[in-house]
Amino acid sequence: MSRIGKKPVSLVKGVSASVSGQTVEVKGPKGTRSFTATDDVTITIDGEEIKVTPRGTSKRARQQWGMARSMVENLVQGVTTGFKKELEIQGVGYRAAVAGNVLKLSLGYSHEVNFAVPAGVTVTSPKQTEIVVEGIDQQLVGQVAANIREWRKPEPYKGKGIRYKGEFIFRKEGKKK
């Protein structure tokens with residue numbers, strides 16, 4: 001039995017959901033999101049709760065049960081509070097600035113990196129060394145943050161680069177004479 005799948009997803013105030021076939025659509029104050037589940041699970045709405053149940057006892061049905069419930073919960077969380085990833089920039093001369101829909105990064109290259117922010121995500125830079133990625137789609141927020149980090153991953157000798165806030169970078173000792 002899936003311990004995650006057994007729990008119903010409760011709809012908070014201001015959020016409405018509808019199910020048509022295998023597609024769940026959730027509307028909230030931040031927007032609308034939808035998810036289409038596989039045929040291995042059944043999704044029903046009971047009052048202020050969304051329940052996911054498996055359609056059999058096969059291994060795939062049990063796998064999809066917990067996954068579908070997690071996806072529905074992420075839809076509800078996305079339209080109510082949204083998702084957020086914070087990045088830190090470390091290094092002399094490394095900085096970030098947002099100009100319209102473009103994130104301008106100075107990362108020690110001979111040129112400035114212009115990162116076009118995709119639709120559905122907002123990128124802000126409260127300080128020159130901080131980047132905040134926010135949106136209602138958890139997968140898109142994480143992917144955009146990973147793409148920004150990819151420009152200059154933190155290196156283990158000096159710790160320079162773009163890292164997630166609170167990320168630990170294992171430091172190495174340099175060459176010895």
If I compare all heavy atoms of P29 with all of G14, which pair ends up nearest, and what's the gap?
CD-O, 3.8 Å
Is the closest side-chain heavy-atom distance between D40 and P54 below 4.5 Å?
no
Would you indicate whether the side-chain heavy atoms of R95 and L107 approach each other to under 4.5 Å?
no
Quick one: are T80 and K30 in side-chain contact, heavy atoms under 4.5 Å?
no
Is the side chain of R152 donor-acceptor paired with the backbone N or O of I148 at a distance under 3.5 Å, no angle test?
no
Taking W65 for its side chain and V52 for its backbone only, find out whether a donor-acceptor pair lies under 3.5 Å.
yes
Crowding at OH, Y164 (>12 non-hydrogen neighbours, <6.0 Å)
yes
Atom pair NZ (K153) and CD (E150), whose distance is rounded to the nearest 0.5 Å
4.0 Å
With side-chain hydrogen bond (donor to acceptor under 3.5 Å, both in side chains) as the test, would you mind laying out the steps for T23 and S34 before giving the verdict?
CA-CA 7 Å; T23 304; S34 64; over 6 Å; no
Measuring from K59:NZ to T57:OG1, what's the distance to the nearest 0.5 Å?
13.5 Å
If every non-hydrogen atom of G56 is compared with every non-hydrogen atom of A61, which pair is closest and at what distance?
O-CB, 3.9 Å
Whether F170 and F168 hold their rings parallel, tilted or perpendicular, with breakpoints at 30° and 60°
perpendicular
Do T44 and I50 have side chains that get closer than 4.5 Å, going by heavy atoms?
no
All pairs passing salt bridge (charged side-chain N to carboxylate O under 4.0 Å, His left out) where residues 64-79 contributes a residue, at least two apart:
R69-E73
Smallest heavy-atom separation, G159 atom then Q90 atom, equals O-OE1, 3.5 Å
Under the 3.5 angstrom rule, does the side chain of E167 hit a backbone N or O of I162 as a donor-acceptor pair?
no
Distance (rounded to the nearest 0.5 Å) between S106 OG and E112 CD:
4.5 Å
Is the shortest side-chain heavy-atom distance between P154 and R149 below 4.5 Å?
yes
NZ/NE/NH1/NH2 to OD/OE distance under 4.0 Å, D46 and K51:
yes
Ignoring hydrogens and geometry, is there a side-chain-to-backbone donor-acceptor pair from E155 to K158 under 3.5 Å?
yes
May I have the list of side-chain donor-acceptor pairs in residues 114-138 shorter than 3.5 Å, sequence neighbours left out?
| residue | atom | partner | partner atom | Å |
| --- | --- | --- | --- | --- |
| T122 | OG1 | E134 | O | 3.4 |
| S125 | OG | A96 | O | 3.4 |
| S125 | OG | K127 | O | 2.7 |
| S125 | OG | E130 | O | 2.9 |
| D137 | OD1 | R33 | NH2 | 3.2 |
| D137 | OD1 | Q139 | N | 3.3 |
| Q138 | OE1 | N74 | ND2 | 2.9 |

After noting the C-alpha distance and the side-chain angles of V12 and E48, does the key distance pass the side chain to side chain contact (heavy atoms under 4.5 Å, CB included) rule?
CA-CA 8 Å; V12 294; E48 292 296 309; over 6 Å; no
Quick one: are R62 and R60 in side-chain contact, heavy atoms under 4.5 Å?
no
Applying side-chain hydrogen bond (donor to acceptor under 3.5 Å, both in side chains), can you list everything that pairs with E88, at least two apart in sequence or on another chain?
none
Side chain to side chain contact (heavy atoms under 4.5 Å, CB included) evaluation trace for T32 with V79
CA-CA 7 Å; T32 304; V79 298; 5.9 Å; no
